[in-house]
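Below, each value reflects all heavy atoms present in this structure, side chains not excepted, and no hydrogens, waters or symmetry copies. Because the structure is a prediction, the values reported are computed rather than measured.
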Amino acid sequence: MDNNRSATKGFAVLSAAGIINKILSVVYVPVLIQIIGGLGYGIYSAGYKVYAFIYIVTNSGFPIGISKLQAELIAQDNYRDARRSFKLISRIMAVYGLIMAVLTVVFAGPVTRAIHYDDSYLVILALSPTMFFSAISSSYRGFFNGSSNMRPTAISQVIEQFLNVVLSILFAYILKPYGIVWACAGATVGTTIGSLGSAVFLK
């Protein structure tokens with residue numbers, strides 16, 4: 001009964017966070033387009049698609065795997081191994097995220113030239129640190145979810161999205177006088193700082 005109640009409460013918390021994030025997203029895109037225009041949004045979108053692909057490679061499946069491992073060890077009352085395994089995994093994820101961030105920087109130029117969107121170079125560079133911060137967040141989210149504590153994950157998602165929306169719009173507006181390419185790069189600052197804020201909160 002307690003497990004079912006906990007699962008239901010966790011689902012409700014994550015659902016509420018998802019709704020808040022959707023509302024923020026609805027506000028974000030039209031405002032951003034007003035600032036950087038259609039051409040700027042094309043540059044932004046091209047860079048963001050590259051980022052999204054690398055992000056999925058970096059984080060896909062890890063939170064679920066960590067969550068499952070934690071849940072199994074906790075179910076066996078093996079709290080010591082649960083803590084030890086999480087410490088090991090979180091360190092591995094941090095190193096992995098750092099490597100992916102460096103690779104993103106290294107290959108940003110060749111990738112943007114390959115897709116014929118050279119102006120998206122700064123967009124990808126500005127997003128590269130997100131690989132490191134998101135890897136850290138993923139490990140902690142998996143840990144908390146495996147412990148049947150969904151609240152930290154939900155709050156971190158809202159913090160991340162809020163910072164993303166507010167700071168991306170702000171920096172796009174601030175950097176617009178320097179040119180559309182810089183404005184597009186500014187539109188990604190919120191994503192990077194948002195992922196940092198999420199990692200700091202979870203840690």
Transitive ILVMFWY side-chain link [X] to [Y], under 4.5 Å:
X: Val106; Y: Val123; result: yes
X: Ile99; Y: Val102; result: yes
X: Ile92; Y: Met131; result: no

[Y] and [X], any side-chain heavy atoms less than 4.5 Å apart:
X: Leu167; Y: Leu170; answer: yes
X: Phe201; Y: Tyr140; answer: no
X: Tyr173; Y: Ile169; answer: no
X: Ile180; Y: Ile36; answer: yes

Of all the heavy-atom pairs spanning [X] and [Y], show the shortest one and how long it is.
X: Ala199; Y: Phe133; value: CB-O, 3.7 Å
X: Phe171; Y: Gly186; value: CB-O, 3.3 Å
X: Leu127; Y: Gly47; value: CD1-O, 4.4 Å
X: Ile66; Y: Ser138; value: CD1-O, 4.3 Å
X: Thr153; Y: Ser156; value: O-OG, 2.7 Å
X: Ala126; Y: Thr188; value: CB-OG1, 3.0 Å

Any donor and acceptor pair, going by atom type alone, linking the side chain of [X] with main-chain N or O of [Y] inside 3.5 Å?
X: Ser45; Y: Gly42; result: no
X: Ser139; Y: Ser90; result: no
X: Thr104; Y: Met100; result: yes
X: Ser85; Y: Leu69; result: no
X: Ser120; Y: Ile43; result: yes

| Within a radius of less than 6.0 Å around CZ of Phe107, do more than 12 heavy atoms belonging to other residues, nucleotides or ligands occur? | no
Can you tell me if [X] and [Y] form a side-chain donor-acceptor pair at under 3.5 Å?
X: Arg141; Y: Ser67; value: no
X: Asp118; Y: Thr112; value: no
X: Glu160; Y: Ser137; value: no

| request: Could you please spell out the steps behind the side-chain contact (heavy atoms from CB on, under 4.5 Å) verdict for Leu88 and Arg84? | output: CA-CA 6 Å; Leu88 176 61; Arg84 290 175 63 184; over 6 Å; no
Reported [atom1]-to-[atom2] distance for the pair [X] and [Y], which is rounded to 0.5 angstrom:
X: Tyr41; Y: Tyr48; atom1: OH; atom2: OH; result: 9.5 Å
X: Ile33; Y: Leu39; atom1: CD1; atom2: CG; result: 12.5 Å
X: Ile193; Y: Ile159; atom1: CD1; atom2: CD1; result: 14.0 Å

| request: Please test Thr191 against Tyr51 for side-chain contact (heavy atoms from CB on, under 4.5 Å), starting from the C-alpha separation and ending with a verdict. | output: CA-CA 11 Å; Thr191 303; Tyr51 154 77; 3.8 Å; yes
| said: Evaluate Thr130 against Thr192 for side-chain hydrogen bond (donor to acceptor under 3.5 Å, both in side chains), listing each step before the verdict. | reply: CA-CA 5 Å; Thr130 308; Thr192 300; 3.1 Å; yes
| query | Hey, mind stepping through Leu32 and Tyr44 against side-chain contact (heavy atoms from CB on, under 4.5 Å) and telling me if it holds? | reply | CA-CA 10 Å; Leu32 182 62; Tyr44 168 84; 4.0 Å; yes
| query | Please walk me through it: do Ser198 and Gln157 pass side-chain contact (heavy atoms from CB on, under 4.5 Å)? | reply | CA-CA 7 Å; Ser198 174; Gln157 288 175 347; over 6 Å; no
